[in-house]
Amino acid sequence: MPNPGVLARYQGLLNLPEYTRPVTLLEGDTPLIPVPRLAEDLGGGFDLLVKFEGLNPTGSFKDRGMTAAISEAAGRGVSTVICASTGNTAASAAAYASRAGMRSVVLIPQGKVAAGKLAGAVAYGAQVLQVLGSFDDALSMVVSISQKHPIALVNSLNPYRLEGQKTGAFEICDVLGSAPDWFCLPVGNAGNITSYWMGFQQYHALKGTGLPHILGVQAEGSAPLVLGHPVDHPETVATAIRIGRPARGEQALQAAEESTGRIIAVSDDEILSMQRQLAANGIWVEPASAAGLAGLARQVRSGALNLRGKRVVAVCTGHGLKDPDIITRTMRVPQVLPPELEALESAIIG
Ligand SMILES: *Cc1c(COP(=O)(O)O)cnc(C)c1O
């Protein structure tokens, strides 16, 4: 059966109001890709699969939650939606709003949004506003304005976003027949880790699919949940998780604790190195998306985690095309050849 989108596929499992009017771009049903060579590089002896969320309609997992948030808003006749965003929420909100015939307004931290995300928001027709401040500043502004005006907030403070994002956990259990032993993902505003834990718990209660240990991973320069306090000036190359005051921070800590998992931090170097390792296995993700696996690698290396005989799923949250500058900034400009066979031979054979 062709994929009908996550709301139709998991109808009845998502807590959405009766009046919800489905707005979909046929998101979800993303592949769970085995990466045996990467598992070997991390010591071997376990199964490793990547849930590649970069293959959603706007290139990130945000589409799962956005179809729910925009569908709920459409059902009650909303005409304008707003969000603060490190980029992917903006592109997703803009796409689903345009699909629904709504106006969208997105606030981004000035100069800190990757090119592919900004371009997406503009292409889908959002009004894009840059804030001279952080994501956290932008979020508090959109929360206030949505309380004052009839504008729907579609950040993950919106409970319907979490409902939609639960479907990632359902899909993993449907494909594997059960939850994995360990489950790792990057953590920014902490909506996704919260949703996955809700989803795994709900499916387990319904179908006995078991529960994973959750490994949430932040970037060292932006790790409020590891430090135990907000970070006023978060910094990391992984712009999608450059968040100092996660809206769902409490729930993220709870998910880690209840699942007997953990939340850790990794350096930007570890993140970029894992981005390269994934690309060497045919999967190009944006930097933030590599953080979960970078955390897994660190835990295995230090002996904090023994994965022998286990099954591990890593969510790679967004596509590498979102942030081309990270690659092009440091690459050598491709060699230029005259249109002659000899020149080609000498370039590739020597
Ligand atoms: C939004 C986002 C994250 C962080 O997800 P949260 O729900 O904010 O924790 C990670 N990676 C990518 C690519 C994202 O777009």
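Atoms within a ligand are numbered from 1 in the order they appear, just like the ligands themselves.
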Sub-4.5 Å side-chain heavy-atom contact between Gln275 and Ile327: yes
Option passing side-chain contact (heavy atoms from CB on, under 4.5 Å) with Ile82 (candidates Val154, Val106, Leu107): Leu107
Ligand 1 to Ala240 polar contact by distance, N or O atoms, under 3.5 Å: no
Ring geometry between Trp182 and His213 (parallel below 30°, tilted from 30 to 60°, perpendicular above 60°): tilted
pair Phe61-Val315: side-chain heavy atoms closer than 4.5 Å: no
Mode of Thr86 contact toward ligand 1 - side chain, backbone, both, neither (heavy atoms, under 4.0 Å): neither
4.0 Å heavy-atom contact, Ser156 with ligand 1: no
Enumerated ligand 1 atoms positioned under 4.0 Å from heavy atoms of Ser289: 13 (C)
Thr86 and Lys112: side chain donor to acceptor below 3.5 Å: no
Protein heavy atom at shortest distance from atom 8 (O) of ligand 1: Asn189 N, 2.8 Å
Ligand 1 to Asn192 polar contact by distance, N or O atoms, under 3.5 Å: yes
Within reach of ligand 1, part of Lys322 (heavy-atom separation under 4.0 Å): neither
Identity of the nearest option to atom 10 (C) of ligand 1, non-hydrogen atoms only, from Leu225, Thr58, Thr317: Thr317
Over 12 foreign heavy atoms within 6.0 Å of CZ, Arg76: yes
Ligand 1 contact by Ile193, heavy-atom criterion under 4.0 angstrom: no
Contact (N/O only, under 3.5 Å) between Gly318 and ligand 1: no
Pair Ser92-Arg161, side-chain donor/acceptor within less than 3.5 Å: no
Within 6.0 angstrom of Glu345 CD, more than 12 heavy atoms from elsewhere: yes
Min N/O separation Asn88 to ligand 1 under 3.5 Å: yes
Which of the ligand 1 atoms, numbered from 1, are nearer than 4.0 Å to a heavy atom of Val187: 9 (O)
Identity and separation of the nearest protein heavy atom to atom 1 (C) of ligand 1: Lys62 NZ, 1.4 Å
Check ion pair Arg99-Glu27 (N to O, under 4.0 angstrom): no
Distance filter under 4.0 Å to Gly191 heavy atoms, resulting ligand 1 atoms: 6 (P), 7 (O), 9 (O)
Atom indices of ligand 1 within 4.0 angstrom of Gly188 heavy atoms, with elements: 4 (C), 6 (P), 8 (O), 9 (O)
Shortest protein heavy-atom distance from atom 5 (O) of ligand 1, along with the residue and atom involved: Phe61 CZ, 3.4 Å
CD/Glu258: more than 12 non-hydrogen atoms of other groups inside 6.0 Å: yes
